[in-house]
Structure formats: structure tokens, C-alpha cells
Amino acid sequence: MSLRLRLLLLLLGLPLGVGLAYGAYDVYAGRQEARQALVTRIADVTATLAPAFTLALDEGRDEHLRQLAQRLLDIDEIDAVSVRDGDGEAVLSLGETQQPPAQPMPTQGTLQEHAQRWRWLHPLGTVNTDQEAADDTTAYWLDVDLGTTALTLAFYRQLAGHGMAGLVLGLLLFLLAYPLSRRLTRPLQHQIDLLERLNDGDYSARLAPRGARELATLGHQLNALGDHMMRLREDTQAQIDQTTFDLRESMETIEVKNIELDMAHRRALEANRIKSQFLANISHEIRTPLNGIIGFCQLLGRSALDSRQREWLEQVQTASDNLLSLISDVLDFSKIEAGKLELETVPVDMVALVDEVLGLQAPNAQRKSLHLLGLVYDDVPDQLLGDPLRIKQVLTNLVNNAVKFTERGEVVVRVMLDDLSTTSTKLRISVRDTGIGLDLASRERLFQAFSQGDASRSRQYGGTGLGLMISKRLVEQMGGEIDVESESGEGTTFTFSLTLIATQQRERLPELNLGGYRVGLFEAHSTSRRTFTHLLERWDARVVSLPSRDACTTPPPEIDLLLLGLTQDDLRPREIAAWREVLDQCACPGLLLVNADPFELPDLALPHGGEITTKPISRRGLGNAINALLTGERESSHTMPEASSLAPSGKVLVVDDTPSNRLLVKELLQDRGLTPLLAGSGEEALAMAHGESISLVLMDIQMPGMNGVEAMKALRALGDDWQWRPIVALTAHALEEERQQLLRDGMSDCLIKPIREAALDTLLKHHLGDTVDSTSDPRPTALPAPPPDEAPTQEAQNDTAGDELPVVDMQLGMRMAGGREALAHDMLSLLFEHLDESEQAIHAAWVAQDAEAFHEQVHRLNGACRYCGVPQLALLAETLETRFKAQGLEACQGLYAALQTAIARLREWQAQHWQTVD
């Protein structure tokens with residue numbers, strides 16, 4: 001609220017408030033006085049006439065009584081007069097009377113107020129109503145109704161008079177207060193305006209002081225403030241000018257320094273590039289003669305050497321291996337430093353990977369009699385995507401260090417599931433040893449390049465200190481973290497996490513089903529004993545624990561297999577004789593796992609059959625050995641779902657809606673000794689799966705009706721072997737994200753169209769193992785299919801790029817058909833056979849603007865052209881499908897016209913040349 005408004009309210013409100021208070025009091029007092037005057041008057045009149053009323057009642061003169069009542073009624077304030085007895089009943093009533101009064105009746109004159117009408121009750125005394133009975137008397141009251149209209153009118157007149165007086169007073173006060181408030185607030189407004197101008201930067205503004213002394217003093221102070229701000233601005237501007245000048249000089253200096261730094265940075269980058277290139281070149285240059293040295297050392301080791309010469313040769317071999325490892329580490333280090341280390345995304349089997357790492361480190365562990373174990377927990381999925389080479393590199397480095405720094409005890413690798421989501425799997429991998437351990441200072445510099453926990457250890461154990469740094473960088477590049485827990489003399493545990501792509505969210509299936517076989521287990525090493533017990537029970541075996549060798553001497557007769565874990569202490573002549581006696585007395589096959597070098601395996605006869613092998617043994621190797629020993633008793637119950645057992649029939653189901661594609665895959669499979677089963681749709685494939693023993697499925701993805709992914713899921717839903725039966729996606733789209741999505745959907749692998757024979761051989765070998773006959777084709781080796789980057793599939797070419805390509809290229813068709821001229825001829829025939837149908841379907845979809853049907857028909861034509869020597873039509877079909885997927889149907893107008901032209905040219909070529917070729 002402004003000061004001016006406050007002054008107006010004060011000057012107007014205070015006098016008006018006092019006047020209103022006085023007027024209200026005056027009105028209230030006048031009303032009370034008029035009321036009291038009325039009551040007094042009525043009381044006096046009724047008191048005066050009361051004796052006359054009493055006498056008239058006593059004498060029974062009704063006419064006189066009425067005259068008395070009329071006299072009262074003639075008074076202006078009286079509206080009605082009644083004479084009432086003790087029960088309130090009216091003896092006489094003039095005017096509009098009220099209801100009878102409430103009982104009991106008053107003993108003296110009383111006023112009763114009811115809204116606009118008042119009632120005055122005055123007792124008249126008792127009257128003898130029966131002359132004969134002197135004691136028969138009755139009391140009477142005079143009831144007078146009073147109207148208050150006159151009082152109300154007088155009140156309003158008085159109220160109106162006071163209101164008019166208040167309005168006049170308010171007007172006079174306003175006329176007085178308004179100029180006064182303006183006189184007081186105008187100097188303040190001028191001062192406010194001055195402050196606003198000063199705040200806006202107008203420091204030259206000044207004020208002419210006027211008004212009261214206080215206001216004039218304030219004006220002088222404001223003028224002084226303006227002078228002070230003017231001086232401050234001048235000083236600030238001078239400082240800014242000086243600072244700007246200094247900053248400009250500094251910027252020039254910095255610019256010179258930046259140029260020098262940029263030149264130095266360029267020189268450093270160039271030097272780093274030259275260093276990385278030098279490291280890569282020198283590493284390759286050194287690796288070449290080093291491989292020769294290692295190879296000749298191996299050849300020399302097979303010749304007859306005396307003990308001293310063999311010892312020297314082993315030293316050369318060890319030094320060469322260390323040098324080769326150092327070269328690999330330096331090369332990886334240079335790649336990491338240059339940021340050129342790329343990760344792959346391929347299937348990863350953690351069980352096989354861990355077993356392979358432990359197998360490589362087995363000789364070093366066996367020389368020290370260390371127990372080397374790999375534990376992959378059951379909830380770790382078996383279908384993951386990642387870079388197995390780099391994971392193996394990290395794990396190999398950690399296991400190698402653990403074996404190197406451990407003289408006795410064990411090295412245990414554990415792979416555990418840390419987190420499982422819809423698209424990724426987080427694993428936690430630990431490597432624990434019982435070696436020399438690390439103190440705090442050593443742990444802090446552990447992951448630095450060219451640094452080890454203790455400088456003296458490099459002399460004792462060897463190494464450069466690059467391995468752990470490279471492992472740390474690899475783990476971080478794969479989205480994980482690595483950490484170490486250790487105490488000096490108490491062993492070390494390295495733990496790192498990995499985030500891999502999950503293709504299926506299910507636990508690993510058991511590798512073997514032993515169907516309740518009883519296996520006697522003797523293993524002195526507690527961790528190995530628990531591991532074998534868990535694995536055998538998971539394979540549905542009944543494990544009988546044998547705590548000592550004596551227990552092995554007399555095992556229960558119902559044991560089907562004896563599994564023995566031996567150490568180097570058991571290889572002494574006396575111990576060998578004792579174990580030979582045990583095996584002679586045992587009535588079942590025996591599987592001996594010896595923690596020793598293969599050359600130190602004992603010469604033990606196994607009278608009831610069996611096998612002697614070394615530790616560590618892979619899970620698959622253990623399963624194969626147990627399966628081989630028990631197959632003679634129960635062949636049908638002990639089959640492992642490996643590649644060799646998944647393909648007993650060699651039948652491959654080929655599912656593709658394009659006849660030419662089916663024909664080509666059929667020829668390729670027959671050349672490899674396999675039996676192809678052909679299906680033109682997902683529904684047909686599902687029907688054939690019920691009646692055939694199928695080893696592998698090659699599934700096209702985009703098919704009408706049930707597509708490839710839906711057909712794959714329907715086959716998986718059949719249960720039994722179909723849960724792990726390999727189903728490979730045949731797709732023309734080689735984008736990595738599409739491939740990963742197919743693997744996440746449940747496909748076992750992907751094969752890119754056009755099919756390259758080398759890729760097909762690798763895939764068949766991986767999924768079918770030894771059932772593939774890669775040498776069954778007596779014909780010459782086919783010409784290699786063109787690599788993907790040479791195929792005409794780039795959508796970046798314009799709509800008329802196909803004009804530069806030949807309409808038909810039979811040499812290209814032969815390459816696509818793997819060098820088979822007859823097959824190329826048949827596939828081109830199939831294309832001509834269905835060309836009219838394809839063109840009509842594409843045209844109908846285009847006219848109807850049916851995007852889904854258009855995409856389906858163009859995709860079918862694209863697939864049909866991939867294995868035929870029609871480069872012009874193949875390019876346009878591929879480009880049209882790619883543009884449709886990227887921009888939609890609206891962007892395909894030009895390409896559609898070009899496709900029609902290419903089809904017309906192909907028909908012209910057919911009309912001119914096909915009969916001759918045929």
C-alpha cells in the first residue's frame with residue numbers, strides 16, 4: 001500500500017470513524033429514549049383507567065367498559081385493547097388482537113416485545129361476579145397491543161439524517177486530505193524517480209530538494225549518492241580499460257603458447273603413431289624368426305639328446321615362450337594405447353573357455369602338484385555373446401600369475417551369475433590361489449604398466465608387469481571392473497565382472513544323464529571332491545563317497561564306476577602297488593584322474609576296464625570318459641547333447657520360401673554328405689519336424705505366414721531334443737544389431753546370404769562335428785563367392801546405377817553356385833519360371849499401396865536374385881528393399897520404375913539368349 005493512500009485513509013478514516021461512532025451512539029440512544037417514553041405513556045394511561053375498568057367490570061356495565069377501551073384504542077400507538085380473565089380468555093376485545101398471553105399472568109404492568117408488535121399487560125384486580133356468593137371473585141387484566149411503526153420510522157429518519165451528515169463530512173475531509181497528501185508525497189515520488197534513474201545507470205540525474213526539512217535532507221543525500229556512483233563508474237571504467245589491455249596482452253601470449261603446444265601435441269601424436277607402428281612392425285618382425293626358433297626347438301626335442309643338452313633346449317624353449325608372450329603383451333599394449341583394440345561379439349561358452357584356459361596352464365601346475373579347478377555355476381547361461389578371445393586372454397593372465405606365484409595348494413577359477421536381465425548377463429569371475437599374497441603397497445601399484453607387486457619378484461618369477469594392466473584395460477573396455485583381495489602370505493583373489501549379451505535366459509542343461517548309476521568317488525583334495533560330487537549328482541548319478549584307500553579296497557558291490565583322484569604322492573612304487581591291489585579287487589571299471597604330467601602317468605592295469613588321465617580334466621572330457629565306460633551297460637541312457645550326438649542322422653532341414661535358395665542349399669549340403677530336407681514355409685517345417693530325425697535347421701527369416709522366428713519358437717516348443725537342437729538363421733541382412741536380435745530371439749547362429757562355402761563349412765563343423773564330409777565332392781574346388789563388400793548391395797548408389805551392370809552374368813552365377821554350372825543354370829531357370837508371378841505380385845501391392853505385401857514380395861525377389869547371375873536386377877531389388885525399410889513406401893517411386901525396367905531387360909535377354917544357353 002502506497003504512502004499516499006495511507007495518508008488519504010488516515011485523513012479520511014479517522015474523522016469519519018469518530019463521526020460514525022457518534023452517530024451510531026446517538027441513534028441508539030434516541031431509539032431507547034423513544035421506547036422508554038412510549039412505555040411510560042402507556043403505563044400511565046392504563047394505570048389511570050384501570051380503576052374505571054375495574055368498576056365497570058364489577059358493576060357489569062359492558063357499554064361503559066367498551067367506551068373505556070375505545071378511549072385507549074384512540075391513542076396512535078395502540079392497535080388493539082382486550083380485557084382478559086385469569087385463563088387468558090378475552091372478555092372484551094377491540095382491534096386486531098394477538099393470541100392469548102402465556103400463563104401465568106403477570107402481577108404488575110409488564111411489556112412483552114414481539115417483532116413489530118408489543119404487548120402491555122396490566123392487572124385490573126378481582127371482581128365479584130356472583131352477587132349471592134360473596135366469595136366468588138375473578139381476576140382480570142388489561143391487554144394492550146402496541147404498534148412500533150412510529151418508532152421504526154423515527155429511527156430511520158434519524159439514521160438518514162446522520163448518513164447525510166456523514167457524507168457531507170466525508171466530502172469535506174476528502175477535499176482537505178487529497179491536496180495535503182499530494183503535497184506530502186510529491187517530493188517522495190521525485191526521489192523515487194531519481195533512484196530509478198540512478199539504478200538504470202543515469203548518474204547525471206539530480207534532484208532539487210524541496211518540501212519539509214526531512215524530505216529536503218533526503219534529497220541532498222540522494223544527490224550525494226549520485227555523485228559517488230558517478231565517481232565509481234569512472235574508476236571502474238578506468239580499471240576495466242587497464243584490465244582489458246592486460247588481458248589482451250595475456251591472450252596474445254597464450255595464443256603463442258597454444259600454437260607451440262599444438263605443434264608439440266602434433267609432434268607427440270606423430271611420435272606416438274610412429275612408436276605404435278614401430279612396436280607393431282618390430283613385434284611382427286621378431287615374431288617371425290621367433291616362431292622359427294620355437295619350431296626348430298620342438299623338432300630338436302624329438303631327436304636323441306643327452307640330459308644336459310635337453311636341459312639347455314628346455315631353457316631355450318622357455319626363453320622363447322617368454323619372449324613370444326612379451327611380444328604379444330607389447331603389441332596389445334600399443335593397440336590399447338592407440339585406442340585401436342576392437343572387441344568381437346560372437347558366441348561364448350564359459351565352460352569350454354575356462355576348461356581351455358586351465359588346460360593351457362596345466363603343465364606348469366602339474367610340475368608344482370597344484371590343484372587346478374574351474375567351477376562354472378549352474379545358473380550361468382550357456383548361450384552368451386561376447387569376445388571369447390579377450391576373455392580368455394584376461395583369464396589366462398590371471399591363472400598364469402596364480403600358478404606362477406603359488407608353490408603349493410590350489411588355484412580355483414569360479415564363474416558366477418551376478419545379474420540377469422532381458423538383454424544382458426553380468427558375470428563375476430574370480431581366480432583364487434594359495435600363493436605368496438600381496439601387501440598393501442604392492443596392491444596399490446599392481447595394475448600399473450611395467451610394474452609388479454615387488455621389484456625383486458621380476459627376477460625370481462619373471463614377467464614385465466604388462467599383463468595385469470592389459471587385463472584391467474580389457475575388462476574395462478568390456479564394461480566390467482577388476483579388483484584384488486590379498487594379504488601377504490595368505491594367497492590372492494582376483495575378481496572381475498563382465499557384461500555379456502544374453503541370447504536365452506535359461507540355465508545350462510546337464511551335459512550328461514547317468515540315470516541313477518552309482519559312482520564310487522575317492523578324492524583327497526576337498527575342493528575337488530565337492531566339485532566332482534556336485535557334477536555327478538547334477539548328471540543324475542548316485543555318489544558313494546570313499547573316504548580312504550581301504551574303503552576303495554572293498555567298495556559296495558553295486559558300484560558301477562570307480563572314480564579315483566590321485567596325487568604325485570600316490571605315484572611312488574609302494575603306493576602304486578597298493579593302488580594296483582585296489583583295482584584288482586574292484587569289480588567295476590575305474591577312471592583315474594592323476595594330478596601329474598602325462599609322462600608321469602602310472603603303469604596300472606585296469607582289469608575291468610577304465611581310463612587313466614591327468615588333471616585338470618575338462619567337463620566335456622570327464623563326461624565323455626564316463627559315458628564311454630558306462631555305454632556297454634546302458635547305451636540308450638547315457639548320451640550327451642554334443643555335436644556328435646545331436647546329429648545321428650545327418651539330416652538338415654532347409655526352410656526357405658524361395659525355390660532357388662532351397663535348390664542351392666540342397667546342392668551344397670549333398671556335396672558334404674548330408675541329407676537335405678526341403679520346406680517352403682514355417683508350417684511345412686513344423687509338420688516335417690514331427691516325422692523326421694533332424695540334426696540341424698537352416699531357417700529363412702522373412703517368409704509369408706509363419707516367419708522364421710515364429711517357426712523357430714514353434715520348433716523349440718516341441719520339447720525334448722528340440723530345446724537345444726541348432727537352428728541357424730538364413731538372412732540377407734548382415735547388420736550386427738539384427739544378428740544379435742536373432743540370437744536373443746533364440747537362434748543358435750546366423751548364416752548370411754549369399755552363402756559362402758567356407759562359412760557354411762565352419763558352421764556345419766561347429767554344430768554337427770564329424771558328421772560333415774567335407775571331402776565327398778570329387779569336383780574341382782569352386783570359385784570363391786565374392787566378399788560382401790563386392791556384392792552390389794549398397795543403397796547409396798543412385799536409382800540408375802544398375803544400368804552399368806550386365807543383365808545376366810553367367811560367370812557370376814557360377815560363382816554364386818559354388819562353381820557348379822548346372823546348378824547355376826537351374827537356379828536361373830527357377831528365376832525365369834517365377835518372374836512373371838513376382839512382377840504381378842509386386843505391381844498389385846504397389847497399386848494397392850500395401851506396404852506389408854510390397855515388402856514381402858520385394859524381399860522374395862531379392863532372395864531369388866542372390867544366387868543367380870543377374871547383377872542388375874539383384875542390385876535394384878536389394879536397393880529397393882533397403883530404401884523401403886529406411887524411408888517407407890513413399891520413397892520407392894523411382895526405384896520401383898527402375899525395377900520394372902530391369903525385369904523387362906531380363907525378359908529381353910531371356911527371349912534372345914536363353915534358348916541358346918538351354
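Along the sequence shown, the residues carry numbers beginning at 1.
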Glu476 atom CD, over 12 foreign heavy atoms within 6.0 Å: yes
Take Val475 and Lys472 through the side-chain contact (heavy atoms from CB on, under 4.5 Å) test and state the conclusion after the steps. CA-CA 5 Å; Val475 169; Lys472 182 175 186 296; 5.9 Å; no
Counting neighbours of CD on Gln477 that are heavy atoms of other residues, nucleotides or ligands and sit closer than 6.0 Å, is the number greater than 12? yes
Compare every heavy atom of Thr495 with every heavy atom of Ser430, then report the nearest pair and how far apart it is. CB-OG1, 3.7 Å
Between atom OG1 of Thr879 and atom CG of Leu875, what is the distance when rounded to the nearest 0.5 Å? 4.0 Å
Given 3.5 Å as the limit, does a donor-acceptor pair link the side chain of Asp200 with the main chain of Asp202, or not? no
Side-chain contact, heavy-atom cut-off 4.5 Å: Val45 with Ile75? yes
Calculate, to the nearest 0.5 Å, the distance between atoms CZ and CE belonging to Arg428 and Met416 respectively. 4.5 Å
Could you check if a side-chain atom of Ile391 sits within less than 4.5 angstrom of a side-chain atom of Met478, using non-hydrogen atoms only? yes
How about Leu468 and Leu398: do any of their side-chain heavy atoms sit closer than 4.5 Å? yes
Least distance between heavy atoms, Asn862 atom then Ala877 atom: CA-CB, 3.9 Å
Straight-line distance of Glu33 CD to Thr40 OG1, nearest 0.5 Å: 10.5 Å
Has Met251 got more than 12 heavy atoms of other residues, nucleotides or ligands less than 6.0 Å from its CE? no
Taking every heavy atom of Ala851 against every heavy atom of Phe884, the minimum-distance pair comes out as O-CZ, 3.3 Å
Pairs involving residues 239-248, ordered by first then second residue, that meet salt bridge (charged side-chain N to carboxylate O under 4.0 Å, His left out) (sequence neighbours left out): none
Determine the interplanar angle of the Trp846 and Tyr896 rings, folded into 0 to 90°, and report it as parallel if under 30°, tilted if 30 to 60°, perpendicular if over 60°. parallel
Any chance you could measure Leu889, atom CG, to Arg883, atom CZ, to the nearest 0.5 Å? 12.5 Å
Can you tell if the side chain of Trp120 reaches within under 4.5 Å of the side chain of Leu142, non-hydrogen atoms only? no
I'd like to know if the side chain of Asp745 pairs up with that of Gln741 as donor and acceptor (distance under 3.5 Å, no hydrogens or angles considered). yes
Do the non-hydrogen side-chain atoms of Leu895 and Leu876 ever get within less than 4.5 Å of each other? yes
Hey, does Leu111 have a side-chain heavy atom less than 4.5 Å from the side chain of Leu146? yes
Quick one: does any side-chain atom of Ser497 pair with a main-chain N or O of Glu481 as donor and acceptor, under 3.5 Å? yes
Note: Met230 and Ser204 closest approach over all heavy atoms is CE-N, 3.6 Å
Rounded to the nearest 0.5 Å, the CG atom of Asp379 sits from the CG atom of Leu417 at a distance of 4.5 Å
Check whether any side-chain heavy atom of Phe494 sits under 4.5 Å from a side-chain heavy atom of Val394, and report yes or no. no
Please tabulate, for the side chains in residues 255-266, all donor-acceptor contacts under 3.5 angstrom to protein atoms that are two or more places apart in sequence or on a different chain.
unit_1	atom_1	unit_2	atom_2	d
Asp262	OD2	Arg266	NE	2.9

Could you walk me through whether Gln32 and Arg35 satisfy the side chain to side chain donor-acceptor pair (under 3.5 Å) test, starting with their C-alpha distance in whole Å, then the side-chain angles of each, then the deciding distance to 0.1 Å, before giving a yes or no? CA-CA 5 Å; Gln32 292 297 111; Arg35 176 182 178 281; 5.4 Å; no
How far apart are the closest heavy atoms of Gly386 and Leu500, and which atoms are they? CA-CD2, 4.0 Å
Ion pair check, Lys426 and Asp419, cut-off under 4.0 Å: no
Measure the spacing between CG of Leu743 and CG of Leu384 and express it to the nearest 0.5 Å. 11.0 Å
For the side chain of Gln158 and the backbone of Asp26, is there at least one donor-acceptor N/O pair under 3.5 Å apart? yes
Heavy-atom distance under 4.5 Å between the side chains of Glu344 and Leu389, does that happen here? no
What one should report as the nearest heavy-atom pair of Leu198 and Leu222 is CD1-O, 4.3 Å
